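In what follows, a single structure is set out as structure tokens and then discussed.
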Amino acid sequence: MLPSFIDLHCHTTASDGSLVPEEVVKRAKSNGVRVLAITDHDTMQGYDRAKPVADELGVQLIPGIEVSSSWSRCEIHVVGLNVQTDSPALKDLVQEQGQRRLARAEEISARLANLGVKNALQGAQEFARGEVCRPHFAQFLVKAGYVRSMSQAFKQYLGNGKAGDVPCCWPHMKSVIARIQAAKGVAVLAHPGRYRVGRTKQGALVRDFSIYGGDALEVVVGGQPAVESQHFARLCERYQLQASVGSDYHGETTPWTDLGRIGALPQGCQAVWQGWVK
Ligand code: AMP
Ligand code: MN
Ligand code: MN
Ligand code: MN
């Protein structure tokens, strides 16, 4: 696979990535990425740290964020790209999401306590260097010996339908799209193939995303087979959406993907970055 010059989805230690923002930019540069968006879960803190390094290395850093939302009892991720970093709408959104994350972390901890897992919140916070995310609980569960691996932690405690899957709390996808656009960003439906829904519901999700005014679909995702990307390219055409690409790199916890190691957009797609990439 040819390295992609653009990667619009990745994580740093500001959320659940394992590299600090500066290291992510350096790795992107050495992987041949010239345009990068850091899209941490519900926070922009990584951007502020990464920006000076990106400027120094000549990497164009697009302000980005991955916002947790809900739709039809599913947790759906909406990536906001090219948001205005000083926008009050963005600041309010980030602050509210942070409060929800903290409340959710407390609830996860209480639920785990019911299963005999003590001090989970404190344990997760020891791994978090920014927002507390479920993988930090997974790391704690591994370290404390409750499970052997992160994937086991999700299977037993944190994944779909398990105690630590708090169906909360996140704002509806429709309002998240509007909030991202109020911050002058474009709203991208993240990794549409990763939600545990069948093809019919997946189609309904993309249709609703488009009806709510969403801008683009993440057509190319790290580790996703090319045939899937073709499928999402067709959905873009059908629902008049632009297309984005992203590795969803998290560092050592996602060894199947790396910055810029993603396929090209299928022909016929309208790149979401047209107009803002130098
Ligand atoms: P949160 O945003 O706190 O709900 O955490 C969700 C994150 O957990 C996702 O973005 C993934 O990085 C990670 N994750 C979700 N499911 C799994 C899984 N089965 N195994 C490992 N990591 C997962
Ligand atoms: Mn993540
Ligand atoms: Mn995601
Ligand atoms: Mn992500």
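We count ligands from 1, going down the list as the structure has it; atoms in each ligand are counted the same way. Since the model is a prediction, treat every value here as computed from it, not as a measurement. We use all heavy atoms of the structure for the numbers below, so side chains are in, but hydrogens, waters and symmetry mates are not. Position 1 is the first residue of the sequence, and the numbers go up from there.
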Checklist entry - Looking only at N/O atoms, are Arg101 and ligand 1 under 3.5 Å apart anywhere? => result yes
Item to check | Over all atoms of both residues, closest heavy-atom pair of Ile262 and Ser247 | outcome: CG2-CA, 3.7 Å
Checklist entry - Between the Mn ion (ligand 4) and Cys10, is there an N, O or S atom separated by less than 2.8 Å? => result no
Checklist entry - Nearest to atom 18 (C) of ligand 1, what protein heavy atom do you find, and at what distance? => result Phe154 CG, 3.3 Å
Next on the checklist: Testing the 3.5 Å rule here: is there a donor-acceptor pair between the side chains of Gln181 and Asp215?
Outcome noted: yes
Next on the checklist: Would you say the Mn ion (ligand 4) has His191 as a near neighbour, meaning an N/O/S atom of that residue under 2.8 Å away?
Outcome noted: no
Checklist entry - For His250, is the nearest heavy atom under 4.0 Å from an atom of ligand 1? => result yes
Checklist entry - Among the heavy atoms of His11, does any lie under 4.0 Å from an atom of ligand 1? => result no
Checklist outcome for this item: Angle subtended at the Mn ion (ligand 4) by His11 NE2 and His9 NE2, to the nearest 10 degrees, is 110°
Checklist entry - What's the shortest heavy-atom distance between Val166 and Ile108, and which atoms? => result CG2-CG1, 3.6 Å
Next on the checklist: Heavy-atom pairs closer than 4.0 Å: do any link ligand 1 to the side chain of Asp16, the backbone, both, or neither?
Outcome noted: side chain
Next on the checklist: I'd like to know if the side chain of Gln224 pairs up with that of Ser229 as donor and acceptor (distance under 3.5 Å, no hydrogens or angles considered).
Outcome noted: yes
Checklist entry - Taking heavy atoms and a distance under 4.0 Å, where does Gln152 meet ligand 1: side chain, backbone, both or neither? => result neither
Checklist entry - Side chains of Asp16 and His250: do they bring a donor and an acceptor to under 3.5 Å? => result yes
Next on the checklist: Just by distance, no angles: are the side chains of Thr257 and Asp248 close enough, under 3.5 Å, to form a donor-acceptor pair?
Outcome noted: no
Checklist entry - Quick one: does Ile180's side chain get under 4.5 Å of Val83's, heavy atoms only? => result yes
Item to check | Any donor-acceptor N or O pair under 3.5 Å, side chains His191, Glu218 | outcome: no
Checklist entry - Do any N/O/S atoms of Glu66 come under 2.8 Å of the Mn ion (ligand 2)? => result no
Checklist entry - Just which atoms of ligand 1 are under 4.0 Å from any heavy atom in Arg104? => result 1 (P), 3 (O), 4 (O)
Next on the checklist: When you compare the side chains of Gln156 and Gln152, does any donor N or O come within less than 3.5 Å of an acceptor on the partner?
Outcome noted: yes
Checklist outcome for this item: Rounded to 10°, the NE2/His250 to the Mn ion (ligand 2) to NE2/His41 angle comes out at 120°
Checklist entry - Heavy-atom contact under 4.0 Å between Glu75 and ligand 1? => result yes
Checklist entry - Could a heavy atom of Lys155 be found less than 4.0 Å from some atom of ligand 1? => result no
Checklist entry - Do any N/O atoms on Ser151 end up under 3.5 angstrom from N/O atoms on ligand 1? => result no
Checklist entry - Would Tyr249 and His9 count as a close aromatic pair, with their ring centres under 6.0 Å? => result no
Checklist entry - Relative to ligand 1, is His41 under 4.0 angstrom through side chain, backbone, both or neither, heavy atoms considered? => result side chain
Checklist entry - Going by heavy atoms in the side chains, are His11 and Glu66 under 4.5 Å from each other? => result yes
Checklist entry - Closest N/O/S atom of Asp16 to the Mn ion (ligand 2), by atom name? => result OD2
Checklist entry - Measuring from the heavy atoms of Pro135, does anything fall under 4.0 Å of ligand 1? => result yes
Next on the checklist: Considering non-hydrogen atoms of the protein only, which is the closest contact for atom 6 (C) of ligand 1, and what is the distance?
Outcome noted: Arg134 NH2, 3.8 Å
Item to check | Any donor-acceptor N or O pair under 3.5 Å, side chains Ser72, Lys201 | outcome: yes
Next on the checklist: So if I count the atoms of ligand 1 from 1 in the order they appear, which ones are less than 4.0 Å from some heavy atom of Cys133?
Outcome noted: 3 (O)
Checklist entry - For the residue pair Pro21 and Thr13, what are the closest heavy atoms and their distance? => result CD-OG1, 3.7 Å
Checklist entry - Do you know which N/O/S atom name in Asp248 is closest to the Mn ion (ligand 4)? => result OD1
